[in-house]
Amino acid sequence: MTTLQEIQYLDAGEADQLSTLSEVLVKINRCAVVVKGGRRFSFSALSISGNKSGVVGYGFGKSRQVPGAIEKAARDGRKHLMRVPITKSGTIPHEVEGSWCGSKVRILPASPGTGIIACPSVRAVAEMAGVRDVLTKSFGSTNPVNLVKATLHALSLLRTPEQIAELRAPRP
């Protein structure tokens, strides 16, 4: 069993330099509380931010109206950006597995032309990261928030061949 690793987010200076950042909305959830006058609704939104070339992040926002929740989620997504190593062929360097709460996601590299074989939550993360060919399988909970976090955990475990060579190099 692997332990959860701290995800390295980009700092504010690096995030401001990314001008081509786009967002995609994954899920809007409605919650109701019953009060004396009836039901009072609140909304939460989950969005994925990315530049489709190796930078991706998620945002979660809550508000009494849908537009406010979407705006907060987009703003939060710009704070939680991370870099993802992608090969020249548009896939990931190696197989990886990530988990968050009850969700578990296995991501495998695929040959060119395969596309993104994934559920909608994982697909949104892969598209915003710029991955073009990947196979995924999700286990356990299908809660979109946990699936997105499990996917980002898996992507944070990816290493490039150069990073592995540096780790294996003999120390003097």
Shortest non-hydrogen separation from Ala73 to Ala45 and the atoms involved: CB-O, 3.5 Å

Pairwise distance SG(Cys31) to NZ(Lys62) - rounded to 0.5 angstrom: 8.0 Å

Worked check of side-chain contact (heavy atoms from CB on, under 4.5 Å) between Thr160 and Gln163: CA-CA 5 Å; Thr160 62; Gln163 290 171 328; 3.2 Å; yes

Thr91-Ser89 side chain donor-acceptor pair, cut-off 3.5 Å: no

Same apolar cluster: Val26 and Ile70, side chain cutoff 4.5 Å: no

Inter-residue atom distance Lys137.NZ - Cys119.SG, 0.5 Å rounding: 9.5 Å

Minimal non-hydrogen separation, Asp76 against Gly59, with atom names: OD2-CA, 3.6 Å

Side-chain ion pair, Arg78 and Glu23, N-O less than 4.0 Å: yes

Heavy-atom pair of closest approach, residues Gly68 and Ser63: C-CB, 3.7 Å

Linked, directly or transitively: Val122 and Phe139 (ILVMFWY side chains, under 4.5 Å): no

Shared hydrophobic cluster for Val24 and Phe60 (ILVMFWY, side-chain gaps under 4.5 Å): yes

Close side-chain approach of Lys52 to Ser22, heavy-atom, < 4.5 Å: yes

Donor-acceptor pair, side chain of Glu127 and main chain of Ala124, under 3.5 angstrom: no

Residues forming a salt bridge (Lys or Arg N to Asp or Glu O under 4.0 Å) with Arg106, sequence neighbours excluded: Glu95, Glu97

Residue pair Pro93 / Pro85: nearest heavy atoms and the distance that separates them: CD-O, 3.5 Å

CA sep, side-chain torsions, deciding dist, call: Ser138, Lys104, side-chain contact (heavy atoms from CB on, under 4.5 Å): CA-CA 6 Å; Ser138 59; Lys104 196 182 217 181; over 6 Å; no

Polar side-chain atom of Arg132 near backbone of Gly115 as donor-acceptor pair, under 3.5 Å: no

Short side-chain to backbone donor-acceptor contact, His80 and Gly57, under 3.5 Å: no

Verdict with supporting geometry, Val105 and Ser99, side-chain contact (heavy atoms from CB on, under 4.5 Å): CA-CA 6 Å; Val105 175; Ser99 62; over 6 Å; no

Nearest non-hydrogen partners of Arg40 and Val35, listed with the distance: NH2-CG2, 4.1 Å

Connected via hydrophobic side-chain network under 4.5 Å: Val131 and Leu158: yes

For Asn143, all residues meeting side-chain contact (heavy atoms from CB on, under 4.5 Å), sequence neighbours excluded: Ser141, Val145, Asn146

Inter-residue atom distance Ile48.CD1 - Met128.CE, 0.5 Å rounding: 8.5 Å

Minimal non-hydrogen separation, Ile107 against Ala154, with atom names: CD1-CB, 3.9 Å

Gln65, CD: over 12 other non-hydrogen atoms inside 6.0 angstrom: no

Asp133 (side chain) donor-acceptor with Ala110 (main chain) under 3.5 angstrom: no

OG on Ser53 to CZ on Arg83, rounded to 0.5 Å: 8.5 Å

Apart from Ile117 itself, residues in the same hydrophobic cluster as defined by side-chain heavy atoms under 4.5 Å: Leu108, Leu135

Ile28 with Tyr58, same ILVMFWY side-chain cluster at under 4.5 Å: no

Value rounded to 0.5 Å, distance of CG in Asn51 from CG in Leu81: 8.5 Å

side-chain contact (heavy atoms from CB on, under 4.5 Å) evaluation trace for Met82 with Leu155: CA-CA 9 Å; Met82 59 179 260; Leu155 294 177; 3.9 Å; yes

Between CZ on residue Arg30 and CZ on residue Phe43, distance to nearest 0.5 Å: 6.5 Å

